[in-house]
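Report on one structure; see the data block that follows.
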Amino acid sequence: VPVFPWHSLVPFLAPTQSD
Amino acid sequence: SPVALPPFFMRGSIIQLADGELKRVEDLKTEDFIQSAEISSELKIDSSTVERIDSGQNPNAVVIQFSVGELKAQVCVEVLVEYPFFVFGQGWSSCCPDRTTQLFELSCAKLCVGDVCVSLTLRSLR
């Protein structure tokens with residue numbers, strides 16, 4: 001049975017420097 | 001292009017928390033994410049508030065605009081309508097909860113403007 005790390009479920013929303 | 005839904009959102013998928021504990025995806029609580037991020041040396045939990053939800057280029061996609069973190073940085077992501085986000089204090093939520101439940105058997109609430117989602121950033125970015 002595959003086991004997935006918790007952080008794979010959470011979107012990585014990194015603010016960009018521009019804007 | 002929209003991100004395809006990965007297999008770990010399927011009901012019954014086994015998820016490992018940062019302390020090694022195993023839980024099913026449908027049993028995860030807000031505290032599980034917060035505590036896992038506290039242990040992590042690289043990742044930090046951010047609060048990302050849904051500001052807008054627009055239709056995407058693909059009829060099955062939506063463009064979600066988030067306001068991320070204390071700096072309220074504006075970030076847009078295009079995802080399939082069934083893609084679930086974890087809302088603080090509420091749990092899994094998607095733009096089309098019926099479709100998420102149909103495809104992945106994962107119970108979902110409707111994701112709405114104003115919902116505050118769990119997201120990650122790198123600690124080193126701060």
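If you're wondering where the values come from, they're calculated on a predicted model, not measured in any experiment. Per chain, numbering begins at 1; letters A, B, ... match sequence-line order.
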Is it the case that one hydrophobic cluster holds both [X] and [Y], taking links as side-chain heavy atoms less than 4.5 Å apart, direct or via other members?
| X | Y | answer |
| --- | --- | --- |
| B:Val68 | B:Val63 | no |
| B:Trp92 | B:Leu103 | yes |
| B:Met10 | B:Ile14 | no |
| B:Leu122 | B:Ile34 | yes |
| B:Ile39 | B:Ile45 | no |

Identify which part of [X] has an atom lying under 4.5 Å from any heavy atom of chain A, answering side chain, backbone, both or neither.
| X | value |
| --- | --- |
| B:Phe86 | neither |
| B:Ser48 | side chain |
| B:Phe85 | side chain |

### Task
Considering non-hydrogen atoms only, spot the tightest contact between B:Leu17 and A:Trp6 and give its length.
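Distance-wise, the nearest heavy atoms are C-CD1, 3.9 Å.
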So, taking the atom named [atom1] in [X] and the one named [atom2] in [Y], what distance separates them when rounded to the nearest 0.5 Å?
| X | Y | atom1 | atom2 | result |
| --- | --- | --- | --- | --- |
| B:Ser67 | A:Leu13 | OG | CG | 11.0 Å |
| A:Phe12 | B:Thr121 | CZ | OG1 | 6.5 Å |
| B:Ile15 | A:His7 | CD1 | NE2 | 10.5 Å |

#### Entry: Test applied, side-chain contact (heavy atoms from CB on, under 4.5 Å); reference residue, A:Leu9; option that passes from B:Asp32, B:Leu120, B:Val118, B:Leu28
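Exactly one candidate clears the test, B:Leu28.
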| Side chain, backbone, both or neither: which part of A:Val3 has a non-hydrogen atom closer than 4.5 Å to chain B? |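 Both parts, heavy atoms under 4.5 Å.
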Take a 6.0 Å sphere around CD of B:Glu105 and say whether it holds more than 12 heavy atoms from other residues, nucleotides or ligands.
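At most 12 heavy atoms, drawn from other residues, nucleotides or ligands, come within 6.0 Å of this atom.
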